[in-house]
Amino acid sequence: MTALNQLTIAEARDALRKGETTSLALTEACLAAIEGAGALNAFVHHTPEIAREQAKAADARLAAGEAPAMCGIPLGIKDLFCTKGVPSQAASNILKGFRPEYESTVTSQLFGAGAVMLGKLNMDEFAMGSSNESSCYGNAVNPWRRGNDTAELTPGGSSGGSAAAVAADLCLAATGTDTGGSIRQPAAFTGIVGIKPTYGRVSRWGIVAFASSLDQAGPMTKTVRDAAIMLGAMAGPDAKDSTCSDLPVPDFEAALTGDIRGKKIGIPREYRMDGMPAEIEKLWSDGAAMLKDAGAEIVDISLPHTKYALPAYYVVAPAEASSNLARYDGVRYGHRARLGQGDGITEMYEKTRAEGFGKEVQRRVMIGTYVLSAGFYDAYFNRARKVRTLIKRDFELAFAGGIDAILTPATPSSAFGLGEMADADPVAMYLLDVFTVTVNLAGLPGIAVPTGLDGRGLPLGLQLIGRPWEEGDLLNHAYVLERAAGFVSKPAKWW
Amino acid sequence: MSIDIDTARRVAHLARIAVKEQDLPALAGELSGILTFMEQLNEVDVTGIEPMTSVTPMRLKRRADVVTDGGQPGAVLSNAPDAREGFFAVPKVME
């Protein structure tokens, strides 16, 4: 029998509606699982009182027969989301002690739909990282291991805590955010599903900003169906975010017909990187074969500017970050450095930010400052924004040519060991985002689906990229891939 | 583009991040490495290409110019490291 914390959202929803279980029982099962999973360091702020109260309220709504799909579902919330009265630190020491006076639009919508918050989840500081190693809370740990090897692996980043928590059944699902791959890469590293919606589908209001033209929130779930259900509850117009679209939110779950006959799947030749591991190559061609068997047509396509996506991203994202993070000045919230005799306001800013920001955040803020500074703005920032236009055009041409979805690997490898990249230069770490950043630069929806295990027993995922605003169709492709791959492996419990 | 120690010092100051003098050479090296990586962008012909300002072809929404919230000084100041008499407090700014 499946334990309550191991249920999917869809299973729990159906059981709740039939009266076979209660939200409080689901919540207690998750709280107990969290209690026993300290070794994963996924939950960094625990909110059991809030969870129990929300669960009781959800049970009352269910009893009254007024229950949206997310009603009573226990979730983990990434620390990047501001949650009223609950620490929201973006995994940074500079926001230590910060308790927002307001609720982010996403969490507000989820709670409005009856969802339950179990606590806040670990992540890379300010969502800057691909391994969850830049967190002020310490590393989150992947529940997966390489066979009998006890070495701790990264759950990926930046939504590493979210990925570890969902993969280890500490919650039914979690929120994530994705600026260059921070939902899809950790989803792939932990054998779960993660979707980054079209830019503007989900409100960014109340989510600590990293790079505003790239950031999008999305669900991290155990199945594609759950991603469809939860995305529906997170998405929608918001007067508080002027970049959030007014387009109506369709019923994403209803789009899961399992029928992709006649659809055209693009395989971009530029994603076939030199030195790509044979396992990743095989995963990719197997995935294409599965979609072909389901009646789709596989088409070779070209996205010629792919090679320039990473350097463009690492200009645009730090530039926006340096501007967004200027607000952390030790005046309005968070940490302020202890000042010395004669220190003025400039020393206060400089010491506060040196103490409060970790190394990677400092590096990105300084790179961003440099590329925006007088004399370099055109050479770096404007050039990167022009290249971004070209990258988006590549996708537009592919879609105009009749392509419905694009299939690529989600990551260049399976999860690596914590600390293994410690001596690598920053650029080597940035290369981990090679398959995912293009999607953010072009504002497109992208989803990671687990489709296999590597030779050491670690999960691997494929990425599907969809047309803007067509998350429903994208989810349907992912649903077909998920069913064909039949990925059911779970990490063996060691924690 | 190679960043020298003086440039690293200047960038750190522009970013308002205190960097110890002995840490500047390593910082300059790291920043140089990242900028060298970015220089691949110089290979791309961007003649006549507009820099992207909005990834979705949309006009920014407008709203009525009315007050929608406010009158909550307590909530606004509740997270301040130093707040006095309804204000944020900072070290002396003018001599």
Side-chain angles (χ1 to χ4, degrees), chain A residues 97-99 101 198-200 213 239 242-243 245-246 305 307-308 311-312 314-315 322 329-336 339 343-351 353-354 357 362-363 365-367 369-371 373 380 382-390 392 425-427 430 441-443 468, chain B residues 1 3 7-8 10-20 27 29-31 33-58 60-63 68-69 72 74-83 88-95:
Chain A
F98 176 55
R99 287 173 189 260
E101 292 283 343
T198 312
Y199 182 81
S213 79
S242 61
T243 64
S245 168
D246 284 332
H305 294 90
K307 181 184 167 196
Y308 303 106
Y314 278 97
V315 173
S322 75
D329 55 7
V331 175
R332 286 155 296 170
Y333 29 65
H335 177 73
R336 177 186 292 188
L339 300 184
D343 279 351
I345 196 156
T346 302
E347 289 78 13
M348 183 192 79
Y349 296 150
E350 293 188 346
K351 287 184 178 178
R353 290 161 65 82
F357 291 145
Q362 291 191 16
R363 192 151 46 219
V365 167
M366 286 193 262
I367 281 286
T369 303
Y370 182 78
V371 300
S373 65
Y380 289 101
N382 267 343
R383 175 166 280 270
R385 290 197 302 149
K386 288 175 185 175
V387 173
R388 189 176 177 189
T389 300
L390 292 169
K392 181 166 181 250
D425 74 287
V427 172
Y430 298 168
L441 289 169
Chain B
M1 179 84 190
I3 294 217
T7 309
R10 190 174 62 85
V11 170
H13 179 63
L14 280 174
R16 296 291 185 271
I17 297 174
V19 178
K20 292 195 186 83
L27 175 67
E30 275 176 7
L31 298 184
I34 296 169
L35 289 171
T36 303
F37 174 64
M38 291 170 177
E39 260 146 41
Q40 290 176 65
L41 295 177
N42 294 335
E43 298 166 13
V44 186
D45 181 5
V46 292
T47 323
I49 303 296
E50 283 295 309
M52 185 184 285
T53 48
S54 171
V55 73
T56 42
M58 66 191 294
L60 270 189
K61 283 183 274 186
R62 297 180 179 189
R63 64 166 176 83
T68 56
D69 204 350
Q72 306 181 49
V76 169
L77 293 171
S78 69
N79 278 292
D82 190 3
F88 293 109
V90 296
K92 196 164 75 169
V93 177
M94 289 188 293
E95 292 306 319

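Everything numeric here is computed off the predicted structure, so don't read it as measured data. Reminder, nothing fancy here: chain letters follow the sequence lines and each chain counts from 1.
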Largest heavy-atom contact set with chain B, pairs under 4.5 Å, which of [options]:
| options | answer |
| --- | --- |
| A/Asp246, A/Thr346, A/Val365, A/Asn382 | A/Asp246 |
| A/Arg363, A/Met348, A/Gln362, A/Lys351 | A/Arg363 |
| A/Ser213, A/Ala239, A/Ala312, A/Gly200 | A/Ala312 |

Which bit of [X] is near chain A, if near means a heavy-atom gap under 4.5 Å: side chain, backbone, both or neither?
| X | result |
| --- | --- |
| B/Gln40 | both |
| B/Ala89 | backbone |
| B/Phe88 | side chain |
| B/Thr7 | side chain |
| B/Leu27 | side chain |
| B/Arg10 | side chain |
| B/Asn42 | both |

Region of [X] that comes under 4.5 Å of a non-hydrogen atom in chain B:
| X | answer |
| --- | --- |
| A/Val331 | both |
| A/Met366 | both |
| A/Asp343 | backbone |
| A/Leu441 | backbone |
| A/Ser322 | neither |
| A/Ala442 | backbone |

(message) Quick one, B/Leu35 with A/Tyr370, criterion side chain to side chain contact (heavy atoms under 4.5 Å, CB included). Give me CA distance, side-chain angles, the key distance, then yes/no.
(response) CA-CA 10 Å; B/Leu35 289 171; A/Tyr370 182 78; 3.3 Å; yes
Are the side chains of [Y] and [X] in contact, using a 4.5 Å heavy-atom criterion?
| X | Y | answer |
| --- | --- | --- |
| B/Val46 | A/Arg383 | yes |
| A/Tyr380 | B/Glu39 | yes |
| B/Pro91 | A/Leu339 | yes |
| B/Val44 | A/Lys307 | no |
| A/Arg385 | B/Thr53 | yes |
| A/Glu101 | B/Gln72 | no |

(message) Between A/Ser242 and B/Leu60 (side chain of the first, backbone of the second, donor and acceptor by atom type, cut-off under 3.5 Å), is there such a pair?
(response)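 Side chain of A/Ser242 to backbone of B/Leu60: no pair is present.
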(message) Below 4.5 Å, heavy-atom pairs only: which of B/Pro51, B/Ala15, B/Ala8 has the largest tally toward chain A?
(response)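 Answer, by heavy-atom pair count under 4.5 Å with chain A: B/Pro51.
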(message) If you count heavy-atom pairs within less than 4.5 Å of chain A, which of B/Val19, B/Leu41, B/Leu14 leads?
(response)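 Of the options given, most contacts go to B/Leu41.
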(message) If I compare all heavy atoms of B/Pro81 with all of A/Gly330, which pair ends up nearest, and what's the gap?
(response)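 Closest approach of B/Pro81 to A/Gly330, heavy atoms only: CG-O, 3.4 Å.
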(request) Locate the shortest heavy-atom distance separating A/Thr369 from B/Val11; write the atom from each residue and the value. (result)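 A/Thr369 and B/Val11 have their closest heavy atoms at CG2-O, 4.1 Å.
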(request) Measure the spacing between NZ of B/Lys61 and OG1 of A/Thr243 and express it to the nearest 0.5 Å. (result)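 Answer rounded to 0.5 Å: 7.5 Å.
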(request) Go through B/Asn79 and A/Arg332 one step at a time and tell me if the side chain to side chain contact (heavy atoms under 4.5 Å, CB included) criterion holds. (result) CA-CA 7 Å; B/Asn79 278 292; A/Arg332 286 155 296 170; over 6 Å; no
